[in-house]
Amino acid sequence: LEPVRVVYQAENAIDAHLVGHALEAEGMLAFVLGEGLIGGIGELPVMGYCRVVVADDHAESALRCIAALEIDVPSDADAAGDAALPNPAT
């Protein structure tokens, strides 16, 4: 077995899979861990259980790929708030 390293701690399973698919598109084998724990928690929203791991020798490449995804970087519309949204009344 190859050692693996956590390269992304996701807020939810969707984010984890999006990152995992981006890494796989770059040729890295990525696994989402902890997704099954979310259903056992109950009805409270729980975050931070999903992790994306890759083989240790791919970790640096994976981290560069994740950085290029610009996750959690607000767009211009997000930064401007509702003022950037078009007004349907006009």
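- Summarising the geometry of Glu35 relative to Cys50, their closest heavy-atom pair is CA-SG, 3.8 Å, with the distance given to 0.1 Å.
- Here His58 contributes atom NE2 and Cys65 contributes atom SG; the two are 12.5 Å apart, rounded to the nearest 0.5 Å.
- Counting heavy atoms from C-beta outward, Glu2 and Asp57 have side chains that approach closer than 4.5 Å.
- Hydrophobic clustering, with ILVMFWY side chains joined whenever heavy atoms are under 4.5 angstrom apart, keeps Val32 apart from Ile14.
- Clustering ILVMFWY residues whenever any of their side-chain heavy atoms sit less than 4.5 angstrom apart, transitively, puts Leu63 in the very cluster that holds Tyr8.
- Within the 4.5 Å cutoff, the side chain of Ile66 has heavy atoms near those of the Val19 side chain.
- With Leu23 as reference, Val52 is the one residue of Val52, Leu18, Leu69, Val53 to meet the side chain to side chain contact (heavy atoms under 4.5 Å, CB included) rule.
- Cluster annotation: Val54 and Phe31 are assigned to distinct hydrophobic clusters (Ile/Leu/Val/Met/Phe/Trp/Tyr, side-chain heavy-atom contacts under 4.5 Å, transitive).
- A salt bridge is defined here as a Lys NZ or Arg NE, NH1 or NH2 lying under 4.0 Å from an Asp or Glu carboxylate O, and Glu60 with Arg5 meets this definition.
- The neighbour count for Leu33 CG, taken as heavy atoms of other residues, nucleotides or ligands under 6.0 Å away, is above 12.
- Counting heavy atoms from C-beta on, the side chains of Met28 and Ser61 come closer than 4.5 Å.
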